[in-house]
Amino acid sequence: MPLACDTLVRCGLLLTQDDERTAIADAGLALAGGLVLAVGPYAAVAAAHAPAGMLDLSGCLVLPGLVNTHGHAPMTLLRGLADDKPLMPWLEEDIWPIEGRLTPEHMELGMALACAEMLRTGTTCFCDMYVWQDRNLRAVEHAGIRAVLGEGIFEFPTSSYSTIDQAFARAEALLTALQGHPLVRGCVALHALYTSSPATQARSMDLAERFDAPWTVHLAETSQETATVLTGCGARPVPCAAARGLLRPRTLAAHCVDLDPGDIRLLAESGCGVTHQPSSNFKLASGFAPVPALLDAGVRVSLGTDGAASNNGLNLFGEMRACALAHKAVARDATAIPAQAVLDMATRHGADNLGWPELGRLAPGSAADLAALDLAAPNLQPLYNPVSHVAYAATGHEVRLTMVAGKVVYRDGAFPGFDYPGLLAEVAEAARWIREQAGAAKNP
Ligand SMILES: [Zn+2]
């Protein structure tokens, strides 16, 4: 008796990213209840299942939806507003003044644009630190994308709170509201050691423990941060975090650029994850995270885009390529960070770093989250090695279809979850206001 399922997908070529990294030509995927029921050669999967619907991706390279483990999605509205400056002057002179004036409506709009960009380029789950995340959640829900959202915790006032107690109240309310949510989970997102007191740091980790949620922080992003933390804490950022009990398996440390060998040992011993944002680090000239050394030490490293103001995009295909190329150049070793390693970082390692191991692979029991790349694109021909194409040849704009939990959320230029032309009109209107506010006459 064939087994009932919701959808039978026919894939021209499937990269499962399962434990064996199985690739299958002319593959079948049986999906039921938002999960993968069976994977295998198409003929075998088709013979064993009675699907309610069919999805023909026979001209496509299908892979698990990508997992973006660090960003500030609503910053899409600030894309290209100010560039070509180091991190602290860029934040203090350009970003923080205008960010402080953005309304919750702006945040939600920026989030909607971010979700569209991520789905358009094959990302199906992202981890996000920002303010007004209760509002931003609405855009995430309309888009139908998965997310791990945390209200950013700073010691100083933001547009969404005036005191640290209010910050924690908002962070906890979000975690509570997201319990049992089908697609969105909560995390605790402390901005950085240098923007919070030891008491706030400990309180934020207690909150993460109480909700059994990921705890994420910007850590060792620049040498300037190292100098600031050395002065305040008497130790470099990583040992400072370790001494304060902040390096735990639930910890996801973003950037980790300015590391010494002792820092790398501490990160590995703690079992925490690291999220690497190559484009943001390069653009802000923060330096090169020692990713090959982190991987050699056994640290789980995943990929993130950071915000669109410092990247300037949310496209993980660009991050895979940047990561693989940069570390080869830095190490003067073409074997550093091979194609399969960056694909792992953008899929299953990202899922593991978010404590969500059902994502980032397509195997029985995993989430039915996938991206399909058009194999007829000239830059994907000929095809000898699909992993090589994903890491080095694809741009992300070959994505024809993106699926989350068994539902098509992007297909051939259209987003079934929301009105994209309407969104563009709202973005143009918001950009006019931002340009005025930022006094961008100097930069017409
Ligand atoms: Zn960041």
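Positions are given from 1 along the sequence. Counting starts at 1 for both ligands and their atoms, following the listed order.
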Should Arg400 and Asp412 count as an ion pair when the cut-off is N to O under 4.0 Å?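 So Arg400 pairs with Asp412 through a salt bridge.
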Should Arg79 and Glu117 count as an ion pair when the cut-off is N to O under 4.0 Å?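 Here Arg79 pairs with Glu117 in a salt bridge, since their nearest N and O are under 4.0 Å apart.
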With disulfide bond (SG atoms under 2.5 Å apart) as the rule and sequence neighbours excluded, what pairs involving residues 229-341 come up?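 Every pair satisfying disulfide bond (SG atoms under 2.5 Å apart) with a residue in residues 229-341: Cys233-Cys240.
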Sequence neighbours left out, what pairs pass disulfide bond (SG atoms under 2.5 Å apart) with at least one residue falling in residues 112-224?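 Not a single pair qualifies under disulfide bond (SG atoms under 2.5 Å apart).
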Is there a donor-acceptor pair under 3.5 Å between the side chain of Gln166 and the backbone N or O of Ser162?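 Answer holds: yes.
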At a cut-off of 2.8 Å, list the protein N/O/S atoms near the Zn ion (ligand 1), residue plus atom name.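 As for protein N, O or S atoms lying under 2.8 Å from the Zn ion (ligand 1), they are His70 NE2, His72 NE2, His218 NE2, Asp306 OD1.
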Which donor-acceptor pairs under 3.5 Å do the side chains of residues 189-198 make with protein atoms, sequence neighbours left out?
residue : atom : partner : partner atom : Å
His191  : ND1  : Thr195  : OG1          : 2.8
Thr195  : OG1  : Ala192  : N            : 3.3
Thr195  : OG1  : Ala192  : O            : 3.3
Ser196  : OG   : Ala192  : O            : 2.8
Ser196  : OG   : Gln201  : NE2          : 3.1
Ser197  : OG   : Glu155  : OE1          : 3.3
Ser197  : OG   : Thr200  : N            : 3.1
Ser197  : OG   : Thr200  : OG1          : 3.2

